[in-house]
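Just so it is clear, the structure is predicted and the values come from calculations on it, not from any experiment.
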Amino acid sequence: MSAIASLTVVPRDSITELARLARTSPSSFHTYLAEHGSKTRQEYDWSGYCMLYVLTYLEERGIDLEPSEFNAESEAINSAYGLTTLITPAPGLSEQLDPGAHREEELAAHFADMGVVFEESGLAGLDTLRLLRDTISDLRDDQVLLINIG
């Protein structure tokens, strides 16, 4: 079983329309996302599950990536597009995602707690943190990072 994590930058003012389309027309949702979204500067090379486990690792440590202003929209998009996380730039977030602030062993232990053990899991976690930090740092205030794991 595998999953892919895709990262797409969308205009902040498109989130309401994406949520509406997710509720009413999933095919139109995909078209709208393709037309209004853009791929991030860096691709994600690990399994989508690695992204998922890093997101849960961060959540367990009180690092909240999703702004509460988009709760309803996030739920609607999740219903049509699978596991989706919406992230906006926030003060201090880059520092919290800095790989130097996390230990490879802690990430590997979290992966193991999730039932996934492989030699490079800690490295995968650090690479994921680096990608998240860099991508979120590149966001403008009028942009949202949409991460989909599917």
Side-chain angles (χ1 to χ4, degrees), residues 1-90 93-94 96-99 102 104 106-118 120-139 142-150:
M1 184 184 298
S2 68
I4 296 173
S6 61
L7 289 77
T8 307
V9 175
V10 296
R12 188 183 197 104
D13 61 7
S14 72
I15 297 299
T16 302
E17 180 65 6
L18 280 169
R20 185 189 72 75
L21 291 170
R23 288 184 196 102
T24 60
S25 175
S27 63
S28 295
F29 168 87
H30 294 288
T31 301
Y32 187 89
L33 184 61
E35 289 173 358
H36 293 87
S38 60
K39 292 295 174 193
T40 58
R41 189 170 40 112
Q42 301 174 40
E43 292 287 324
Y44 188 65
D45 296 326
W46 295 97
S47 163
Y49 290 112
C50 292
M51 177 67 75
L52 176 63
Y53 301 145
V54 169
L55 294 175
T56 60
Y57 165 87
L58 293 169
E59 184 179 314
E60 287 178 5
R61 278 148 187 80
I63 300 172
D64 187 19
L65 298 178
E66 287 196 276
S68 59
E69 70 181 285
F70 291 132
N71 282 346
E73 291 85 351
S74 182
E75 286 179 27
I77 293 170
N78 271 290
S79 70
Y81 195 47
L83 181 59
T84 301
T85 303
L86 302 173
I87 304 171
T88 59
L93 192 52
S94 292
Q96 292 177 311
L97 297 174
D98 181 0
H102 303 272
E104 187 173 338
E106 287 178 345
L107 286 155
H110 180 74
F111 277 55
D113 289 347
M114 298 287 106
V116 176
V117 178
F118 64 102
E120 297 175 312
S121 63
L123 176 63
L126 292 175
D127 283 350
T128 303
L129 287 170
R130 190 173 298 106
L131 175 72
L132 288 171
R133 180 202 58 201
D134 294 349
T135 302
I136 294 167
S137 294
D138 287 346
L139 290 176
D142 64 342
Q143 295 177 318
V144 174
L145 176 62
L146 186 150
I147 300 175
N148 175 258
I149 301 171

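Separating the CD atom in E43 from the CG atom in L131 is a distance of 9.5 Å, to the nearest 0.5 Å. Atoms CZ and OH, on F111 and Y57 in that order, are 10.0 Å from each other to the nearest 0.5 Å. A distance of 8.5 Å separates CG of D142 from CZ of R12, quoted to the nearest 0.5 Å. The distance from the CD1 atom of I77 to the CG atom of L83 is 12.0 Å, given to the nearest 0.5 Å. Here the CG-CG distance, from L146 to L7, works out to 8.5 Å after rounding to the nearest 0.5 Å. We find the CG-OG1 distance between L65 and T88 to be 9.5 Å, quoted to the nearest 0.5 Å.
The closest donor-acceptor contact from the side chain of S74 to the backbone of F70 lies at 3.5 Å or more, if one exists at all. A donor-acceptor distance shorter than 3.5 angstrom exists from the side chain of H110 to the backbone of Y53, with no hydrogens or angles considered. T84 places a side-chain N or O within 3.5 Å of a backbone atom of G82 that can act as its donor or acceptor partner. Proximity of a side-chain donor or acceptor of N148 to a complementary backbone N or O of S6 within less than 3.5 Å is not detected. A distance-only check finds no donor-acceptor pair linking the side chain of Q96 to the backbone of I63 [under 3.5 Å].
The side-chain hydrogen bond (donor to acceptor under 3.5 Å, both in side chains) analysis of residues 121-133, with sequence neighbours excluded, yields the pairs Y44-T128, W46-D127, D98-R133, D127-R130.
The shortest side-chain heavy-atom distance between I149 and L55 falls under the 4.5 Å cut-off. Here the side chains of D64 and E59 are not in contact, with every heavy-atom distance at 4.5 Å or above. Residues L107 and L126 meet the side-chain proximity criterion, which asks for heavy atoms closer than 4.5 Å. Contact check for L132 versus L58: side-chain heavy atoms found under the 4.5 Å cut-off.
Heavy atoms from other residues, nucleotides or ligands lying under 6.0 Å from CD of E69 number more than 12. The environment of E60 atom CD is dense: over 12 non-hydrogen atoms of other residues, nucleotides or ligands sit within 6.0 angstrom.
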### Message
Test side chain to side chain contact (heavy atoms under 4.5 Å, CB included) on T135 and R41; report intermediate values, then the result.
### Response
CA-CA 7 Å; T135 302; R41 189 170 40 112; over 6 Å; no
### Task
Evaluate side chain to side chain contact (heavy atoms under 4.5 Å, CB included) for Y81 paired with H30, printing each intermediate quantity in order.
CA-CA 8 Å; Y81 195 47; H30 294 288; 3.2 Å; yes
### Query
After noting the C-alpha distance and the side-chain angles of I87 and V144, does the key distance pass the side chain to side chain contact (heavy atoms under 4.5 Å, CB included) rule?
CA-CA 6 Å; I87 304 171; V144 174; 5.8 Å; no
### Query
Should L18 and E73 be marked as a side chain to side chain contact (heavy atoms under 4.5 Å, CB included) after you check the CA-CA gap, both sets of side-chain angles, and the distance that decides it?
CA-CA 8 Å; L18 280 169; E73 291 85 351; over 6 Å; no
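For the residue pair S137 and S94, a side-chain donor N or O sits within less than 3.5 Å of a side-chain acceptor on the partner.
Shown here for A80 and A22, the closest heavy-atom pair between the two residues is CB-O, 3.4 Å.
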Just distance, no hydrogens or angles: give the donor-acceptor pairs under 3.5 Å from side chains in residues 31-39, sequence neighbours left out.
unit_1, atom_1, unit_2, atom_2, d
T31, OG1, S27, O, 3.2
H36, ND1, Y32, O, 3.0

